[in-house]
Amino acid sequence: MTTKSNPSAPRAQSNEQTDREPWTVRSVLQWTTDFFEKHDLESARLDAEVLLAHVLEQNRLSLYLHYEDKVPAASLQVYRGLIRRRVNREPIAYITGVREFYSIPLAVDPSVLIPRPETEHLVEYVVEHGQDHADSADKGPLKILEIGTGSGNLCIALAENLAGARIVSLDISAAALSVAMKNRRGHPGCSERIHLLQGDLLGALHPERARFHLIVSNPPYVAAESWDDLSPEVRDYEPRGALDGGRLGTEILERILKDGADYLLPEGALVLEIGEDQAETLQAVAQETGRYRRSWVLEDYAGKPRVLVAVV
Ligand code: GLN
């Protein structure tokens, strides 16, 4: 466990004091960057900027436009509390309560996984693929099922970028669904096209009544043996239920592969985010089910296999 730290400065002293210069945006950022570096935080400067911008209710750019401005004592006091949370390894997104995904700002709290940039690959693929569907008008609206909605990042990014798509999003966690609901409300254009439902994987739906062109998911896929390798930010703060994929990490993905085919329309596809060392196992599972004609893997910018596509 990380040592609890008690930053002694920048203290919330009066800016009128004479024994030292008043705290300015510049000096606060400098002090905090040094402090975070001493605590081995990787993006010390960025974290300092994001937290100060949050407290001052500005964006990061405007910090630089007000670089020599004094930071009010009341803001310093709030800021010190946030610094303490960050050195205790709380993720920035939980401290500020927001994270951007696919250029969409989303509310997050510790009941949901913080959306990751790697999941944007999945969105890119589905948006491209879904566009083809929309272009062939005779097929009717594109129907997408999402398993494990979390903050709603996937379903909202897809609804925003695929006009007319209808999405059913499932999550087992009521707390996560209320975050997703809040985020959905912020996107009136797509809110009536996303249906949020509580359920354990596919259990809430009947395959005879619900069939989809696409099933998408970023399910839990961290293997038990990798648990200790996770950063404290992830391991100690993010919801275990959104990460823990059982002994090998592939337990939930395997269940989705086995049951998912029943919920797909002819020529429908599963599009799943996977761990970087799981492609081979999961393609073998897809084949064993005898339900998929073909499966392939999409690589991320670093060349790692991160998305599995399986077509019925
Ligand atoms: N990529 C995430 C991590 O390792 C795991 C996400 C998941 O299990 N769906 O931090």
Side-chain angles (χ1 to χ4, degrees), residues 1-15 17 19-101 103 105-120 150-151 153 179 222 226-240 242-243 301-302:
M1 189 63 206
T2 336
T3 35
K4 304 261 186 238
S5 273
N6 235 337
S8 55
R11 285 194 184 283
Q13 295 153 328
S14 157
N15 275 335
Q17 68 182 88
D19 58 337
R20 63 147 292 145
E21 295 292 304
W23 287 104
T24 61
V25 168
R26 176 203 293 274
S27 60
V28 167
L29 288 178
Q30 191 50 54
W31 184 92
T32 315
T33 304
D34 292 346
F35 186 69
F36 281 171
E37 276 169 359
K38 278 189 207 115
H39 282 83
D40 294 326
L41 293 182
E42 265 170 34
S43 43
R45 175 78 188 189
L46 178 64
D47 288 3
E49 290 179 2
V50 172
L51 292 180
L52 188 59
H54 177 70
V55 169
L56 297 176
E57 297 179 10
Q58 297 178 6
N59 59 37
R60 274 175 55 221
L61 176 66
S62 71
L63 292 180
Y64 286 91
L65 301 175
H66 299 101
Y67 215 40
E68 303 303 338
D69 287 9
K70 291 177 191 170
V71 178
S75 303
L76 276 180
Q77 196 160 3
V78 177
Y79 185 66
R80 286 181 69 223
L82 305 193
I83 294 175
R84 201 172 304 123
R85 288 168 65 182
R86 184 65 194 111
V87 293
N88 288 329
R89 297 288 173 158
E90 186 169 344
I92 283 279
Y94 289 153
I95 301 176
T96 61
V98 288
R99 170 55 50 95
E100 205 167 275
F101 178 79
S103 303
L106 295 165
V108 291
D109 73 20
S111 68
V112 298
L113 195 74
I114 298 167
R116 313 277 205 262
E118 53 262 36
T119 307
E120 295 181 341
S151 63
N153 59 318
V179 175
V222 176
S226 309
W227 198 254
D228 291 339
D229 302 333
L230 294 175
S231 70
E233 279 86 348
V234 178
R235 197 182 51 228
D236 299 339
Y237 289 92
E238 296 204 80
R240 186 163 185 137
L243 292 162
Y301 297 125

| task | Give a yes or no on whether the backbone of Ile92 and the side-chain of Thr96 come within a donor-acceptor separation of less than 3.5 Å. | result | yes
| said: For a quick test of reading the model, state the closest non-hydrogen atom pair linking Ala44 to Glu37 and the distance between them. | reply: CB-CG, 3.6 Å
| message | Within the 4.5 Å heavy-atom criterion, are Leu106 and Arg99 side-chain neighbours or not? | response | no
| request: Report yes if some heavy atom in the side chain of Val71 is under 4.5 Å from a heavy atom in the side chain of Tyr79; otherwise report no. | output: no
| said: Closer than 3.5 angstrom, by distance alone: can the side chain of Arg235 be matched with the main-chain N or O of Asp228 as a donor-acceptor pair? | reply: yes
| field | side chain to side chain contact (heavy atoms under 4.5 Å, CB included) assessment of Val55 paired with Leu82 | value | CA-CA 9 Å; Val55 169; Leu82 305 193; 3.5 Å; yes
| note | Heavy-atom nearest pair, Pro239 first then Tyr94, reads CD-OH, 3.5 Å
| Sub-4.5 Å side-chain heavy-atom contact between Arg240 and Leu243 | no
| remark: CD of Glu57 to OG of Ser75, rounded to nearest 0.5 Å, is 8.5 Å
| said: What I'd like to find out is whether the side chain of Val108 reaches to under 4.5 Å of the side chain of Val98, using heavy atoms alone. | reply: no
| said: So Leu52 and Val28, do their side chains get closer than 4.5 Å, heavy atoms only? | reply: yes
| query | So, is the end of the Arg26 side chain (NZ or CZ) under 6.0 Å from the ring centre of Trp31 and within 45° of the ring's axis? | reply | no
| request: Take Glu49 and Leu29 through the test side chain to side chain contact (heavy atoms under 4.5 Å, CB included) and record every step on the way to the result. | output: CA-CA 7 Å; Glu49 290 179 2; Leu29 288 178; 4.0 Å; yes
| said: Is there a side chain to side chain contact (heavy atoms under 4.5 Å, CB included) between Phe36 and Ile83? Walk through the geometry before answering. | reply: CA-CA 8 Å; Phe36 281 171; Ile83 294 175; 3.6 Å; yes
| said: Are Leu56 and Pro72 packed together at the side-chain level, in the sense that at least one heavy-atom pair is separated by less than 4.5 angstrom? | reply: yes
| message | Go through it in stages, so that I can follow the logic: the residues are Ser151 and Leu113, the test is side chain to side chain contact (heavy atoms under 4.5 Å, CB included), and I'd like the CA-CA distance, side-chain angles, deciding distance and then a yes or no. | response | CA-CA 7 Å; Ser151 63; Leu113 195 74; over 6 Å; no
| task | Please determine which of Arg86, Glu238, Glu42, Glu90 meets the side-chain contact (heavy atoms from CB on, under 4.5 Å) test together with Glu233. | result | Arg86
| request: Determine whether Arg60 and Leu46 make a side-chain contact, defined as any pair of heavy atoms from C-beta on separated by less than 4.5 Å. | output: yes
| field | Sub-4.5 Å side-chain heavy-atom contact between Glu120 and Phe101 | value | yes
| Any donor-acceptor pair under 3.5 Å linking the side chain of Arg45 with the backbone of Ser43? | no
| remark: Rounding to 0.5 Å, atoms OH (Tyr237) and OG (Ser231) come to a distance of 11.0 Å
| query | In terms of the angle between their ring planes, are Phe35 and His39 parallel, tilted or perpendicular, with boundaries placed at 30° and 60°? | reply | tilted
